[in-house]
Amino acid sequence: MSHIAGIGSDKLGAGRSTRRALLLVVVLIVAIAATGCLAKSGSYAPIDWAAEMHYSQSYRAQEPPRLSSPLGAVPFKFASDTRELTREPAIGPGGYSALTNPVTRTAATSAAGAELFRVNCSMCHGTEGLGDGRVSAFLLAYGSAPAANVTGAGTVSRTDGEIFELIVQGGATSTLLGMPAFQNLLSPSDRWLLVDYIRELQGN
Ligand code: HEC
């Protein structure tokens with residue numbers, strides 16, 4: 001009797017561990033699927049506001065192959081490399097506010113600033129900077145602050161350096177929610193063109 005019961009409980013044990021293994025598999029599948037809903041890294045926005053073509057496997061397959069350097073090649077250019085994005089000096093918190101805008105406004109700088117704003121900012125801040133871009137509603141729905149009205153008194157009273165810093169850092173170090181960091185996306189001269197264009201939108 002006890003022998004049969006023993007077999008029975010063994011079977012019960014086996015059934016339980018199979019169920020547990022199945023549950024684990026299901027939980028894993030759900031967890032992996034759920035990561036697909038997360039915003040891409042590097043963004044402080046709660047939604048992926050700038051999907052890029054190379055996210056897609058079908059596009060990735062068509063990207064040209066990257067050539068690797070020849071065997072034994074030694075890098076020699078980097079010490080004097082002056083590329084803006086990689087060689088930008090680190091500025092500590094607060095160090096930005098003293099920076100002055102180097103842009104002297106001409107029709108060309110104004111047009112360049114407008115184009116940069118249209119491509120990088122208007123989806124959230126709206127074409128006139130009023131904070132009424134179409135993505136702003138999504139930011140609100142996902143628990144972020146709506147995009148700011150950059151023509152309002154709050155931004156007017158900031159220094160050029162402070163606006164420059166907000167564009168660099170986004171929500172990374174400031175209290176701004178949902179504002180992406182453009183440090184690695186826009187060169188310093190592009191950012192200054194944008195600061196100047198925001199001043200223009202403010203009527204200055
Ligand atoms: C994904 C949407 C989004 C994009 C794209 C975006 N912003 Fe923002 N931005 C925000 C949000 C949201 C805030 C306000 C956050 C808050 O109030 O906490 C903000 C705040 C700001 C502020 C601060 C306003 C103030 O004085 O407090 C500035 C300046 C600004 N953005 C400039 C820009 C510029 C320039 C670009 C383009 C290079 C840009 N933003 C792109 C969402 C965005």
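These figures come from a predicted structure and were not determined experimentally. When a ligand or atom number is given, it counts from 1 through the structure's own listing order.
- Here the CE-CD distance, from Met179 to Gln169, works out to 10.5 Å after rounding to the nearest 0.5 Å.
- How far CZ of Arg199 is from CZ of Arg158: 10.0 Å, rounded to the nearest 0.5 Å.
- Of all the listed residues (Gly152, Cys124, Ser157, Pro146), Cys124 holds the heavy atom that lies closest to atom 1 (C) of ligand 1.
- Close contacts of ligand 1 with Leu186, meaning ligand atoms under 4.0 Å from a residue heavy atom, involve 38 (C).
- Applying the side chain to side chain donor-acceptor pair (under 3.5 Å) test to residues at least two apart or on different chains, the pairs with a partner in residues 107-131 are Ser110-Glu200, Glu115-Arg118.
- Atom-to-atom distance recorded for Phe117:CZ and Ile198:CD1 is 5.5 Å, nearest 0.5 angstrom.
- Atom 8 (Fe) of ligand 1 sits nearest to atom NE2 when only the N, O or S atoms of His125 are considered.
- Applying the 4.0 Å criterion to heavy atoms of Leu139 picks out, from ligand 1, the atoms 2 (C), 12 (C).
- Panel note: side chain Ser136, backbone Ala147; a donor-acceptor pair is recorded below 3.5 Å.
- Distances below 4.0 Å separate heavy atoms of Ile167 from the following atoms of ligand 1: 35 (C).
- Residue Thr18 holds its OG1 atom at 12.5 Å from CG of Leu23, rounded to the nearest 0.5 Å.
- Numbered from 1 in the order shown, with element, the atoms of ligand 1 that lie under 4.0 Å from a heavy atom of Met123 read 5 (C).
- Remark: ligand 1 atoms within the under-4.0 Å shell around heavy atoms of Leu166 are 23 (C).
- Of all the atoms in ligand 1, the ones that sit under 4.0 Å from a non-hydrogen atom of Leu194 are 38 (C).
- Distance check: Asp190 CG to Leu116 CG gives 4.5 Å after rounding to the nearest 0.5 Å.
- In terms of polar-atom proximity, Asn120 is not counted as a contact of ligand 1, lacking any N or O under 3.5 Å from an N or O of the ligand.
- Distances from atom 29 (C) of ligand 1 to the heavy atoms of Ile163, Leu116, Val135 show the closest one on Ile163.
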Residues Asn149, Thr155; criterion side chain to side chain contact (heavy atoms under 4.5 Å, CB included); working and verdict: CA-CA 8 Å; Asn149 173 358; Thr155 314; over 6 Å; no
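- The distance from ligand 1 to the heavy atoms of Arg158 drops below 4.0 Å at these ligand atoms: 25 (C), 26 (O), 27 (O).
- Annotation for ligand 1: atoms under 4.0 Å from non-hydrogen atoms of Thr155 are 24 (C), 25 (C), 26 (O).
- Ligand 1 has no N or O atom lying under 3.5 Å from any N or O atom of Ser144, backbone or side chain.
- Atom CD of residue Gln202 and atom OH of residue Tyr197 lie 12.0 Å apart, to the nearest 0.5 angstrom.
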